[in-house]
Amino acid sequence: MRSMLFVPADSEKKLEKGFASDADVVIVDLEDSVSLENKPAARATAAAFLSGRREGGPAVYIRVNDLSTGLTDDDLAALVPVRPDGIMLPKSNSGADVQHLAVKLRVQEAENGLADGGIRIVPIITETASGVLAAGSYGDVGPRLSGITWGAEDLSAAIGARVTRDDNGRYTDVFRLARAMTILAASHADVAAIDTVFPNFRDMDGFRLECIEAERDGFTGKMAIHPAQVPVINEAFTPSPDTVAHAQAVVAAFEAAGNPGVVALDGQMYDRPHLRRAERLLARAQAVRKT
């Protein structure tokens, strides 16, 4: 999952554009981009659109309304029958919320004749203060967890911050902490770390730089709010031929030496953490080739 593109569930036109993009995942959004009074119509629009979708194309995740709203069950009842690949859970306060959603999904899968456990979950874990503080609780929530992501705007509202970035466009300390906790939580759970959105979709230079820095720091993908952002994300999070070749050389060196603790390659010493990093990069490259 390099690129995850948000599309409002209540607009067939925008759904068509989203699915025509090169996004790895389209997130059909029933939450923030849909007003409360329009949510029933949005569910119907999305269900009708997805039921007529041809095979192939991007994976489909549904961003449901969070568990505290009382709307989650209606979202699932309307959209699970069209067989989404996954659910994005906003305002997840801990791993227990993922497990709670997993129980709901198991019931819905059974009622709709779907394979048990087939629908995956990506929680947004930093939209509340308690969510940030519970980032370490996702390590053993079950096999449905496919990635972890974060959000800044809801967190700013929750804590009363006027802005999320300073005058130079950099996140302020609280939001940098939330970002770092997301990377650590994903690593702890051994799932994909997905970076949050970049709201100013007209600032493509700033967006590209943020993608590059996110990949550098350990994120393996990023969410988008506009189709024009998708190619930039895909480029930034696709391992380059040079990095793939180097990773292959590191793995080969360990294998040739009988998998010791340390090997020498091109005048440098590489230990087991370097091997693990190379293996992770090759796994990412393999996943890209399958998309």
Side-chain angles (χ1 to χ4, degrees), residues 1-92 98 100-124 144 146-147 149 151 154 194 197 201 221 223-231 233-234 291:
M1 296 185 291
R2 297 167 302 174
S3 50
M4 302 185 77
L5 173 64
F6 280 106
V7 181
D10 59 354
S11 171
E12 185 174 343
K13 182 178 179 180
K14 290 180 180 179
L15 285 166
E16 289 176 349
K17 287 184 177 179
F19 279 91
S21 73
D22 289 326
D24 292 341
V25 178
V26 170
I27 306 169
V28 179
D29 187 21
L30 291 169
E31 195 214 13
D32 284 345
S33 65
V34 178
S35 64
L36 179 61
E37 61 271 16
N38 202 35
K39 290 187 189 293
R43 295 184 191 110
T45 297
F49 181 88
L50 293 173
S51 64
R53 191 174 62 93
R54 291 174 296 181
E55 293 295 325
V60 179
Y61 273 61
I62 310 296
R63 180 163 70 167
V64 296
N65 292 280
D66 73 83
L67 294 170
S68 71
T69 64
L71 300 171
T72 314
D73 288 341
D74 289 341
D75 294 340
L76 296 177
L79 275 302
V80 167
V82 298
R83 302 170 180 263
D85 297 284
I87 300 296
M88 177 165 282
L89 178 64
K91 299 179 181 65
S92 181
V98 170
H100 186 179
L101 177 59
V103 173
K104 292 179 180 292
L105 285 173
R106 188 173 192 185
V107 172
Q108 287 289 337
E109 287 168 340
E111 291 180 348
N112 288 279
L114 304 180
D116 183 26
I119 299 176
R120 308 298 295 280
I121 299 172
V122 171
I124 308 176
R144 288 187 190 267
S146 62
T149 190
D154 282 280
I194 303 157
V197 300
F201 62 86
M223 298 187 292
I225 59 169
H226 193 281
Q229 294 179 324
V230 169
I233 295 174
N234 287 346
T291 59

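Quantities reported herein were computed from a predicted structural model and do not represent experimental measurements. Computation of the quantities below employed the complete heavy-atom set of this structure, encompassing side-chain atoms and omitting hydrogens, waters and symmetry-equivalent molecules.
Using a 4.5 Å heavy-atom threshold, the side chains of Ile62 and Leu50 count as touching. For the pair Phe19/Val60, a side-chain contact is recorded, criterion being any heavy-atom separation below 4.5 Å from C-beta on. Side-chain contact between Met88 and Met4 is present, with at least one heavy-atom pair separated by less than 4.5 Å. A heavy-atom distance below 4.5 Å is found between the side chains of Lys104 and Asp73. Leu76 is listed as a side-chain neighbour of Ile87, based on a closest heavy-atom distance under 4.5 Å. The closest side-chain heavy-atom distance from Gln229 to Val197 is not below 4.5 Å.
Counting non-hydrogen atoms of neighbouring residues, nucleotides and ligands closer than 6.0 angstrom, the CG atom of Asp22 reaches no more than 12 such neighbours.
Counting all heavy atoms, side chain and backbone alike, Arg144 lies closest to Arg120 at O-NE, 3.0 Å. Taking each heavy atom of Ala42 and Asp10 in turn, the nearest pair found is CB-CB, 3.7 Å. Residue Ser3 comes nearest to Asp24 through the heavy atom pair OG-N, 3.0 Å, listed as atom of the first residue, atom of the second, then distance. Summarising the geometry of Val98 relative to Ser92, their closest heavy-atom pair is CG2-OG, 4.2 Å, with the distance given to 0.1 Å. In plain terms, the two heavy atoms of Ile194 and Gly147 that are nearest each other are CD1-CA, 4.4 Å. Shortest non-hydrogen contact noted between Ser146 and Val122 is OG-CG2, 3.4 Å.
Of the possible donor and acceptor atoms, none in the side chain of Lys91 sits under 3.5 Å from a partner among the backbone N and O of Leu67. Remark: the backbone N or O of Arg2 is not paired with any side-chain donor or acceptor of Asn234 at under 3.5 angstrom. The backbone N or O of Gly118 sits less than 3.5 Å from a side-chain atom of Glu109, completing a donor-acceptor pair. For the pair Asp29 (side chain) and Ser33 (backbone), a donor-acceptor distance under 3.5 Å is present. For Lys14 (side chain) and Ala9 (main-chain N/O), no donor-acceptor pair under 3.5 Å exists by modelled atom type. In this structure, the side chain of Asp66 engages the main chain of Ser68 through a donor-acceptor pair within 3.5 Å. A donor-acceptor pair under 3.5 Å is absent between the side-chain atoms of Asn38 and the main chain of Val34, judged by distance alone.
Interatomic distance, CG of Asn112 versus CD1 of Ile119, reported as 8.0 Å (0.5 Å rounding). Atom NE2 of His100 sits about 10.5 Å away from atom CG of Leu105, to the nearest 0.5 Å. Interatomic distance, CE of Met223 versus CE of Met1, reported as 11.0 Å (0.5 Å rounding). For the atom pair Tyr61 OH and Leu79 CG, the distance stands at 14.5 Å (nearest 0.5 Å). Distance check, rounded to the nearest 0.5 Å: OG1 of Thr72 to CG of Leu89 gives 7.5 Å. Here the CZ atom belonging to Arg83 is positioned 12.0 Å from the OG atom belonging to Ser51, to the nearest 0.5 angstrom.
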message = Let's go through Ile124 and Arg63 carefully: what are the C-alpha distance in whole Å and the side-chain angles of both, what is the deciding distance for side-chain contact (heavy atoms from CB on, under 4.5 Å) to 0.1 Å, and is it a yes or a no?
response = CA-CA 10 Å; Ile124 308 176; Arg63 180 163 70 167; 4.0 Å; yes
message = One pair to check against side-chain contact (heavy atoms from CB on, under 4.5 Å): Asp32 and Asp154. What are the steps and the verdict?
response = CA-CA 10 Å; Asp32 284 345; Asp154 282 280; 3.5 Å; yes
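The pair Arg43-Asp75 counts as a salt bridge, with a side-chain nitrogen and a carboxylate oxygen less than 4.0 angstrom apart.
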